[in-house]
Protein chains: 2
Amino acid sequence: MQAETRHIYSFGDGRADGRTAMKDLLGSKGANLAEMASLGIPIPAGFTITTEVSRFFTAQKGRFPSGLNEQLDAALGQVEKIMGGRFGDSKAPLLLSVRSGAPVSMPGMMDTVLNIGLNDQTVEGLIRQSGDERFALDSHRRFLQMYSHVVMGLDGDVLEQKLEAYKRANGFELDVELGAKDWRQVIEGFRSAIMAELGRAVPEDPHEQLWEAIRAVFSSWNTRRAVHYRRLHHISNELGTAVNVMAMVFGNMGEHSASGVAFTRNPASGEREPYGEYLVNAQGEDVVAGIRTPSPINRAYELPQDGVLSMEERMPQAYRELVEVFHKLESHYREMQDIEFTVQKQKMWILQTRTGKRTGRAAIKIALDMLDEKLISEREAILRVDPEHHITELLHPAIDPNLTRPEPLGRGLAASPGAAVGEVVLSPDEAARRGDAGERVILVRQATSADDVHGLYAAQGVLTQTGGLTSHAAVVARSIGKPCVSGASEVHIEADGSGFHFGDAFIKAGEVITIDGTQGMVYRGALDLVEAELSGEFERFMALADSHRTMGVRANADTPLDANRARAFGAQGVGLCRTEHMFFATDERLEAMRAVIMAESTEERERALSTLLPLQRADFADIFRCMGSLPVTVRLLDPPLHEFLPAGRAAYEEMARALGKSVRYVKQRAANLRETNPMLGFRGCRVGIIIPEIYDMQVRAIVEAALQVQAEGLSPHVEIMIPLVIDQSELRSLRASTQASIDGLLEAAKATLKVAIGTMIELPRAALLAGEIAREADFFSFGTNDLTQATFGFSRDDAGRFLPDYLERGLLAFDPFVTIDRDGVGELLALGLTRGKAVRPDLVVGICGEHGGDPRSIDFCHELGFDYVSCSAYRVPVARLAAAQCALRKEPGDDRGVGGLE
Amino acid sequence: MQAETRHIYSFGDGRADGRTAMKDLLGSKGANLAEMASLGIPIPAGFTITTEVSRFFTAQKGRFPSGLNEQLDAALGQVEKIMGGRFGDSKAPLLLSVRSGAPVSMPGMMDTVLNIGLNDQTVEGLIRQSGDERFALDSHRRFLQMYSHVVMGLDGDVLEQKLEAYKRANGFELDVELGAKDWRQVIEGFRSAIMAELGRAVPEDPHEQLWEAIRAVFSSWNTRRAVHYRRLHHISNELGTAVNVMAMVFGNMGEHSASGVAFTRNPASGEREPYGEYLVNAQGEDVVAGIRTPSPINRAYELPQDGVLSMEERMPQAYRELVEVFHKLESHYREMQDIEFTVQKQKMWILQTRTGKRTGRAAIKIALDMLDEKLISEREAILRVDPEHHITELLHPAIDPNLTRPEPLGRGLAASPGAAVGEVVLSPDEAARRGDAGERVILVRQATSADDVHGLYAAQGVLTQTGGLTSHAAVVARSIGKPCVSGASEVHIEADGSGFHFGDAFIKAGEVITIDGTQGMVYRGALDLVEAELSGEFERFMALADSHRTMGVRANADTPLDANRARAFGAQGVGLCRTEHMFFATDERLEAMRAVIMAESTEERERALSTLLPLQRADFADIFRCMGSLPVTVRLLDPPLHEFLPAGRAAYEEMARALGKSVRYVKQRAANLRETNPMLGFRGCRVGIIIPEIYDMQVRAIVEAALQVQAEGLSPHVEIMIPLVIDQSELRSLRASTQASIDGLLEAAKATLKVAIGTMIELPRAALLAGEIAREADFFSFGTNDLTQATFGFSRDDAGRFLPDYLERGLLAFDPFVTIDRDGVGELLALGLTRGKAVRPDLVVGICGEHGGDPRSIDFCHELGFDYVSCSAYRVPVARLAAAQCALRKEPGDDRGVGGLE
C-alpha cells in the first residue's frame with residue numbers, strides 16, 4: 001500500500017509537524033503557527049489542512065481527498081489532549097476556530113468562523129467552565145451569526161436587524177447592556193429567523209459544524225471577489241488556501257483577560273520600541289472594530305485618556321511574556337513582526353505572527369538597525385525596502401496616515417504620487433498667475449498639453465478627466481514631483497468655468513480640494529498632509545544600495561532645474577533631455593518657436609531660430625555644468641510642430657499680430673500641420689530631414705554650450721540623440737549632417753570635443769532593424785513609451801477609454817505604459833539590444849521611457865543586460881534601489897526581504 | 001604575363017564577339033547589336049566598351065583601364081575595314097556615333113554624340129563622298145552643337161539662339177531653307193560663340209573627339225538626374241553603362257534614303273501586322289522630332305494624307321528586307337521587337353533592336369499568339385504580361401494614348417488607376433445628387449472620410465489635397481474602380497465653395513477637368529478617353545495563368561455589389577468584408593448606427609441595433625449567395641465610433657433632433673469619443689470587449705444570413721474575423737462570446753453550420769505573439785495596412801507630409817503602404833506566420849491589406865507561404881496573374897518575360 005498523503009499538519013505544546021519554509025503547503029498563517037509552536041511560543045493547539053486539499057477541492061468540485069477524515073479525527077484528538085477539553089463535550093467543551101490562510105496575503109477576502117462546537121448542550125458546559133453565563137451566551141449568538149452567514153450564506157443584515165429590533169423593543173442601546181436572559185431570547189429569535197429565511201437550522205452537531213466551516217473556507221477561495229482580487233494582484237489561482245483549525249482562547253473572560261495586536265518595532269518610525277494596542281476583557285475583533293478605544297501596550301506611547309493604564313502597567317507579567325515573545329520572534333525571523341495575542345485569565349496566547357507592514361521611513365530605519373544589530377546581512381537590508389512603495393512615500397508629501405479619511409469625491413488613476421491641497425482652478429493661466437503669487441491651487445483640466453505646463457509648474461497638483469498613467473499631465477507631474485490624478489472619467493468641467501462635476505457632486509472654482517496621487521483619490525476640503533523628508537539614514541541606505549548596483553541610473557531632465565534635482569537624487573547623468581520642453585519655458589521662447597514654424601522661407605526660419613539659439617545654448621550650458629563629466633543625452637526636437645501652436649481663434653489672431661502675418665496665412669499653415677494621428681505623423685527626425693534648419697540650430701547650441709563649459713575647466717560628456725528613426729539610411733543621413741555641423745563648429749572654434757551621436761529605438765521597425773541602425777549609432781536609448789504605443793496600437797492619450805477595463809477584466813496583467821510588456825515590447829527590446837550589440841559590442845544601451853522608473857521594468861532591463869535606465873528625477877532613488885536589488889537577487893543567497901512582506 | 005582583360009567587343013559583317021546573354025557586360029543595346037550581327041542582320045560595324053570600364057571609370061574618378069587604348073585602335077581598324085572608310089581620313093572619312101547603353105533602359109537619361117570625326121578636312125571628304133554639300137555641312141553644324149553641349153557642357157540654347165539669329169537676319173524661317181553657304185556661315189558663328197563662351201574650341205582631332213565623347217558618355221552615368229532616375233526606379237548604381245561606338249549611316253542622303261522606327265507587331269492591338277513609320281531623306285531624330293509627319297511603313301495603317309506613299313509602296317525592296325529582318329528577329333528573340341532602321345541609298349541598315357513596349361491588350365494578344373505559333377511556352381506566355389501595368393490598363397478607362405496631352409494643371413499621387421472627365425464638385429452631397437442624376441462630376445476635397453462615400457460612389461473620380469496611396473479616398477476609389485489622384489499638395493480649396501486653386505491656376509466649381517489616376521495627373525478641360533474592355537483573349541489568358549497558380553486570391557468586398565464584381569473578376573472568395581461600410585450605405589443605416597453610439601443604456605443600444613440587424617443580415621445573405629461555397633471572411637466592426645458621427649454644429653443639432661436627445665448630450669458624448677490618435681484608440685475588438693452588444697448583433701446577422709442561404713440549398717462558407725487583437729486572452733474572450741452566440745442561434749434554429757473564427761494580425765504585438773494567438777484562431781489574416789502604420793509609426797493619413805520626400809531622397813526604396821516592407825513589416829509577417837503555423841499547422845493564413853493587390857508584395861507572400869492574398873475587386877486579376885507568375889518563377893526554366901521588357 002502506498003504511504004497515505006499527509007493532509008494535516010498539527011501544532012501545539014512546543015511541537016509542530018510544519019515550519020515556516022512550508023508556506024506554500026500550509027499557507028503563511030499555518031506555517032508561522034507551526035514555527036512558533038516549535039519555538040516554544042505559547043499558541044493554542046491546532047492543525048493546518050494543506051493547500052493541496054484546497055486544489056483537490058477546487059478541481060473535484062467540492063470533494064475532499066480520501067483519508068482526510070481520519071487524519072482530522074486524529075489531529076483533533078491531539079488538540080483535545082493538549083488543551084484539556086473535548087470537542088462537543090457538554091462538560092468541558094473545546095471550541096475551535098476555522099480560519100483561511102493562503103500562501104499570499106489577501107486581506108479581507110477569505111472567511112473565518114469562530115466558536116465552532118457551540119450548541120445547546122456545550123454552551124451550558126462553557127457557562128460552567130467560564131463561570132460567566134453572559135459571556136458564553138454572547139459567544140453562542142456570535143457563532144450563530146457568523147456560521148449562518150459564512151457557511152449557510154444568510155445575508156448578514158437579517159440577524160443584525162433582528163438584534164437591533166430586540167434592543168429597540170427593550171430599550172437597550174449598546175450590546176453590553178444585554179444580560180444573559182436577553183441573549184437567550186435573542187438566540188431563540190436568531191434560530192427562528194434562520195429557519196424562516198433558509199428553511200433549515202444551524203446544525204447542532206459540532207462535527208457537522210466543523211466540516212461545513214472547513215468546506216466554506218475552502219469554497220471562499222473561489223468567490224468572485226477573491227478571484228477578482230487575485231487577478232488584480234497577479235496572484236495565481238493555483239496557489240489555493242490552507243485552513244487552520246485551532247482551539248479557541250478568550251480575551252473576554254473578565255478583568256484578567258485581554259486581546260491585542262502589536263508590532264515588535266514601531267511601524268511608523270522604525271524605532272526599536274515595541275508598539276501595539278490592547279483591550280481588557282475583549283475579543284480580538286473588538287480591538288479592530290473600534291467600539292472601545294484600545295490602550296497602548298507600553299508607556300512609550302501616549303495614552304488615549306487620563307487614568308487608562310498601559311498593558312505594561314496593568315498586566316506587567318503578561319507584558320513581560322509578550323516582550324520575551326517579541327525577542328524570540330525577531331531573533332528567529334530576523335524581521336519586524338506583527339502579532340495578535342490574547343490573555344485568557346492571565347495566560348498569554350499568541351494567535352498569529354507575520355511580517356509587519358511599515359512606512360518607508362520605518363523600512364529604512366529597521367533595515368539599517370537590524371544590519372547594525374547584525375541580525376541581517378547588507379544584502380538582506382537592501383532587499384527589505386520596497387523601491388516602489390517605501391521610497392516613493394519618502395519623496396512626496398502624503399495625507400496624514402493617522403487620519404480617518406472622509407468619503408472621497410471620486411477616484412481616478414494614481415498618476416503621480418504625493419498629496420496636495422489647494423483651491424480649484426480651471427485654467428492654466430490662472431493657475432500660473434495665482435501659483436506664482438504664492439497661492440496654493442489645484443489645476444483641474446479635461447487634459448493638459450504642452451501649452452499648459454506653466455500652469456502645471458505653478459499648481460500644487462493636477463486633476464484631469466482623461467488620459468492614462470503616461471498622459472501629458474501624468475508625465476509632467478511626475479517629472480516635477482507634483483501629485484496628479486488622471487483619467488478621472490466622472491469629472492465633467494463646466495464650459496463656463498464655474499466649476500466641475502465629479503459624479504453627482506459639483507465643486508465650484510475656488511473651492512478647496514485634496515488630491516492623493518498615490519492612491520488616485522480626490523476629496524472635498526483640506527485634509528492634513530505630512531511632508532516628505534529625507535533623513536541621513538536615507539542617504540546611508542541609498543549609498544549602501546549603490547555599492548551593490550551594476551546598472552547605471554540616469555535622469556530625464558529637460559531644464560537646468562530638473563538637472564539639479566536629478567543630481568541631488570543621485571542620477572549618474574541625464575539620459576534624456578527633451579529639448580522641446582525648453583521652448584515652452586517662457587512666452588518669448590514660445591513665440592520664437594512659432595515664428596520658426598510659420599516662416600515662409602528658409603531665411604525667415606533661420607532668423608527666428610537665431611533668437612532661440614542663445615537661449616538653448618544657455619540652458620545646455622547650465623545642464624552640462626550641473627552634470628560635470630557625467631553623460632548628458634540631448635534629444636533633438638521630437639514632437640509634431642503643431643504642438644507649439646495655440647488653440648482658439650483669438651490666440652491665432654494674436655499670434656498673427658505678433659508674427660506680423662495675416663490671420664489667413666497663419667490659420668492655413670496651422671491647418672496644414674494638423675494631423676489625424678499626430679503620434680504617427682510629421683515629427684521626430686522626420687522634421688529633422690524635411691526642415692534641417694531646426695536640428696542645425698540645436699546642434700550648434702549644444703556644441704557651443706559644451707565648448708563654453710569646457711573653457712570653464714569642465715569636461716562635458718555630450719551625447720546627441722536623434723529620435724524616431726526607422727532605419728539605417730534615415731540615421732545615416734542625419735548623422736552625417738549632424739557630424740558635419742559639429743566638425744564645422746569645432747574647426748571654426750579651433751577646439752576639440754568628443755560628441756557621441758546615437759538614436760532612440762522607439763518604433764518596432766527600429767528594434768527589428770537595430771543591427772543595421774547600430775552601424776550609425778554610438779548608443780541606443782529605447783523609448784519604451786512610444787514603442788509600447790506602436791507595438792500595442794494603444795495611444796497613451798486615448799487608451800483610458802479601454803485600458804482600465806482591460807486591467808479590471810484581467811485581459812492585461814499590467815498597464816503596459818507602467819510596466820514593460822515582456823511578451824511583445826520585451827521581445828523587441830531583446831531583439832534590438834542583441835542585434836545592436838552584435839554589430840557594435842561597445843554600443844551603450846539604455847531606456848528612457850517612463851518604464852525607467854518602474855521596478856518590475858528595471859528588473860527586466862537588468863535581465864536583458866541594459867547599461868542604464870533613465871527616469872524622471874523623482875524616480876531616480878526608486879530606480880537606484882530597484883537596480884541594486886536586481887543585482888543582489890542575481891547573487892546567490894537568501895531570497896527573503898521584499899518578497900517576505902505580505 | 002596575365003591575359004589582358006577584354007574591354008571591347010566588336011560586331012559587324014555577320015560576326016560579333018558578344019551576344020544577347022552578355023547584357024550585363026555590354027548593355028542591352030550592345031548585346032543586341034552583337035546578336036544581330038551574328039544573325040547576319042545588316043548593322044553598321046562597331047564595337048562596345050564594356051560596363052566594367054564604366055565601373056572602373058567611376059571608381060577611379062575618370063581614369064580608363066590600361067589596354068583600352070590599344071584595344072580601341074584595333075577595333076576601330078576592324079570597323080574601317082568592314083565599312084570601307086577611314087576615321088579622320090579627308091578623302092573617305094568614316095564617321096562614328098557614340099551612344100550609351102546600360103543593362104537597364106533609362107530613357108532620355110544618358111548622352112549620345114553623332115557624326116564624330118568631322119572637322120574642316122573630313123567635311124570636305126564627306127561632301128565629295130556624298131555629292132551633297134548641304135548635307136555634309138548640316139551634319140557638321142549638328143556635330144558642333146551636339147559635341148559642345150554634351151562633351152564640353154555648353155548650354156544648348158547658346159548655339160540654338162545663334163542659329164535663330166542668323167535665320168531672322170537672313171529672312172529664313174525653316175532650317176531646310178538654308179543652303180550650303182548659309183551653313184558655312186553658321187558654322188563660323190558657332191565656332192566663335194563656343195570660343196567666346198568656353199575659351200576653347202571643339203577639337204579638330206577626330207581621335208580626341210572620340211575619346212572625349214566616350215568620356216562624356218561614361219560620365220553621364222553619374223549625373224544628378226541619372227542617379228536620381230535610378231534611385232526612383234530601384235536601379236543599382238553598380239550596373240554602369242556600356243558605350244557603343246558605331247559607324248554612322250545616313251538616311252538623309254537623298255530620295256533613296258530614309259529613316260524609321262518599327263515594331264514587329266502592332267504594339268497597341270497586338271495584331272501580327274508589322275507597324276512603324278518612316279521618313280524619306282531624313283535622319284532618325286527627324287522621325288521622332290515631329291517636324292515632318294512620317295508615313296506608315298505599310299498599307300495596313302492609314303496614311304497621314306492622300307498622295308503619301310507607305311514604305312511598302314515606295315521602297316518595296318527595302319521593305320521586303322525589313323520584313324525579313326522582322327521574321328529573323330522574332331524567331332530568334334521569340335518576342336515582339338522595337339527597331340530603328342536607316343536606308344542609305346537603298347541599302348537597309350538596322351541600328352537597334354529591343355523588346356517592344358505594348359499596351360495591355362497587345363501584351364495579352366501577343367503572348368497568346370506566340371503561344372499558338374509555338375514560338376513560346378505557356379510559362380513564357382504568362383510571364384510576358386506585366387500584372388501591374390498591362391492588367392491594370394485593361395480594367396480601367398484611360399486617356400487616349402494617341403493624344404498629345406496638354407500641360408497638366410498639376411500632379412498628385414497616382415492613387416487609383418484610370419482616367420475620368422467631369423465637372424468639379426466640392427461637396428460629397430452635391431456629388432451624390434448630381435452623380436445619381438446621371439451627371440459626370442469629379443469630387444475635389446481636402447481629404448475624404450467614411451462620411452463622404454456616397455459622393456465618391458456617385459462621382460466619376462476624386463481629387464484630394466492630402467492623403468497618401470492608402471488614404472481613405474485612395475482605398476475606396478480603388479475598391480470601386482474609380483480613378484483617384486490623392487495628395488495633390490498644391491490644391492487649395494476655397495472655403496466659400498467657389499472653386500479651388502491648383503498651384504497658380506484657379507478652377508471654378510462646375511468647370512470640367514480630366515484626372516488621370518494611373519499617372520497622378522490633372523488637366524483642365526475634357527480629354528478624350530478610351531474605355532476599358534475585357535476580351536475573350538483576356539479570359540483565356542487569365543484561365544491559363546490560373547492553371548499555374550498555387551496561392552489563392554480573394555477579394556475585399558464590403559457590399560453585395562462589391563462581391564458580385566469580385567466574383568466576376570475571378571475572386572475565390574471574400575477575404576475581407578468590412579461590415580462597417582454597410583452602415584454608411586443609406587441615411588437610415590447611418591442614423592441607426594448613430595443611435596447605437598448615442599445610446600444611454602444597454603437596452604436603448606440594443607433597440608437601435610435591432611434596426612440594423614435585418615439590414616446587415618440581408619447584405620450578408622446576398623454576399624453569401626454570390627459566393628456560393630467560397631469562403632467569406634466577415635470582419636466585425638473595426639473603426640473608432642466617432643467615424644460614424646457627423647461634423648459641424650448644424651449636423652449635431654439635426655442628429656440630436658433625429659435621435660430625440662439634447663444637443664448638449666449629443667455633443668458631450670461625441671466629445672468623449674473624440675481621440676488624439678484615433679488609429680491607436682478605442683476601435684476594433686476593443687469596442688467589441690467594452691460594448692459587446694454591437695458584435696452580438698453582427699454575429700447574429702451573419703449566422704441568420706448563412707442559415708437563410710443554407711435553406712436555399714447553398715453551402716455558405718462563413719468565417720468571422722475579429723480585428724485588432726493584441727494577444728491570446730483578448731481573442732479568447734471574444735471567441736468565447738462569439739461561439740456562445742453562434743451556438744445559441746444554431747440551437748434555437750435547430751440547425752448546424754460550420755463557422756470558422758479567426759483574427760486579423762495587424763499590430764506588431766499580435767505578430768510577435770502569433771503562436772499564442774493561433775491557439776484561439778482558425779485563421780489569420782494579416783492586415784498589412786495597420787501593421788505597416790504601427791511598425792513604421794507612419795499614419796497613412798499624415799505620412800503625405802514626408803513620405804514623398806523620403807521616396808524622392810531615396811531614404812525609402814518603396815512606399816511601404818504600396819509594397820510590403822520586407823525588412824521590418826516582412827519580418828513580423830514571417831514571424832507571425834511561422835509561429836502561428838507551428839502551433840496550428842492547418843491554420844489558414846492570408847493578407848487583406850492594400851498590399852494584397854501589389855505584385856511585389858504578392859511575390860513576398862508567396863515566398864513566405866501564405867495561403868491566399870485578398871485585394872480590392874479591381875486588383876483581383878492583377879493578383880491572379882502575379883501569383884501565377886510567382887509559382888512559375890519557382891519552377892525551373894527560362895526567366896525571360898516580364899524581366900525582358902525594358
Side-chain angles (χ1 to χ4, degrees), chain A residues 446-447 466 489 492 640 668 671-673 675-684 686-687 689-690 724 726-727 729-730 732-733 762-769 772 786 789-803 805-806 809-813 816 821 823-825 827-828, chain B residues 446-447 466 489 492 640 668 671-673 675-684 686-687 689-690 724 726-727 729-730 732-733 762-769 772 786 789-799 801-803 805-806 809-813 816 821 823-825 827-828 831:
Chain A
Q446 209 238 317
T466 59
S489 54
H492 290 289
Q668 171 109 28
N672 277 348
L673 288 172
E675 297 185 289
T676 316
N677 292 285
M679 190 53 69
L680 307 174
F682 184 48
R683 53 177 286 242
R686 299 160 195 175
V687 176
I689 296 260
I690 309 286
L724 211 73
I726 52 167
D727 60 20
S729 50
E730 210 179 23
R732 188 194 296 125
S733 160
E762 51 186 331
L763 291 169
R765 194 168 194 264
L768 292 166
L769 303 187
E772 294 300 309
D786 276 22
Q789 288 196 112
T791 306
F792 277 83
F794 284 0
S795 155
R796 275 189 281 172
D797 295 320
D798 306 311
R801 212 158 273 121
F802 55 89
L803 197 48
D805 220 320
Y806 269 48
R809 290 167 194 238
L811 288 174
L812 284 171
D821 155 50
D823 297 335
V825 177
E827 180 169 4
L828 291 175
Chain B
Q446 209 237 316
T466 59
S489 54
H492 290 289
Q668 170 108 29
N672 277 348
L673 287 172
E675 298 185 288
T676 316
N677 292 284
M679 191 52 70
L680 307 174
F682 184 48
R683 53 176 286 241
R686 297 160 197 175
V687 176
I689 295 259
I690 309 285
L724 211 73
I726 52 166
D727 59 20
S729 50
E730 211 180 21
R732 187 193 298 125
S733 160
E762 51 187 331
L763 291 169
R765 194 169 194 263
L768 292 166
L769 303 189
E772 294 300 309
D786 276 22
Q789 288 196 113
T791 306
F792 277 83
F794 284 1
S795 155
R796 276 188 282 172
D797 295 319
D798 306 310
R801 211 157 273 121
F802 55 90
L803 196 48
D805 221 320
Y806 270 49
R809 291 168 193 238
L811 288 174
L812 283 171
D821 156 49
D823 297 336
V825 177
E827 180 169 4
L828 291 176
L831 278 178

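Below, chain A is the first sequence line, B the second, and so on; all start at residue 1.
For chain A, the option among B/M679, B/R686, B/E675 with the highest count of heavy-atom pairs below 4.5 Å is B/R686. Contact count against chain A (heavy-atom pairs under 4.5 Å) is highest for B/G793 among B/G824, B/G793, B/A799, B/A766. With chain B as partner, the option from A/D786, A/L673, A/V825 having the largest number of non-hydrogen pairs under 4.5 angstrom is A/L673. Across B/L803, B/L724, B/I690, B/L828, the residue that shares the most heavy-atom pairs under 4.5 angstrom with chain A is B/I690.
Using a distance-only test at 3.5 Å, with no hydrogens or angles considered, no donor-acceptor pair links the side chain of A/D797 to the main chain of B/T676. With hydrogens and angles disregarded, no donor-acceptor distance shorter than 3.5 Å links the side chain of A/S795 to the backbone of B/G681. When atom types are taken as modelled, the side chain of A/T791 and the backbone of B/R765 share no donor-acceptor pair closer than 3.5 angstrom.
For A/E730, the parts lying near chain B are the backbone and the side chain together; criterion is any non-hydrogen pair under 4.5 Å. Both the backbone and the side chain of B/L763 come within contact range of chain A, each with at least one heavy atom under 4.5 Å from a heavy atom of that chain. Contacts of A/Q668 with chain B are made by side-chain atoms alone, with heavy-atom separations under 4.5 Å and no backbone atom involved.
Closest approach of B/P764 to A/A790, counting heavy atoms only: CD-O, 3.4 Å. Between B/S729 and A/L811, the shortest heavy-atom contact is OG-O, 3.0 Å.
Remark: B/N672 engages no residue in a side-chain hydrogen bond (donor to acceptor under 3.5 Å, both in side chains) (not counting sequence neighbours). Judged as a ring-ring contact (aromatic ring centres under 6.0 Å, His included), and not counting sequence neighbours, the contacts of A/F792 are A/F794.
Looking at B/D798 and A/L680, their side chains never come closer than 4.5 Å, going by heavy atoms from C-beta outward. The closest side-chain heavy-atom distance from A/D727 to B/L812 is below 4.5 Å.
In this structure, the separation between CG on B/D821 and CG on A/L768 is 9.0 Å, given to the nearest 0.5 Å. From B/Y806, atom OH reaches atom CD1 of A/I726 across 6.0 Å, with rounding to the nearest 0.5 Å.
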Open item on the list: Walk me through whether A/R809 and B/I689 qualify under side chain to side chain contact (heavy atoms under 4.5 Å, CB included).
Closed with: CA-CA 10 Å; A/R809 290 167 194 238; B/I689 295 259; 3.8 Å; yes
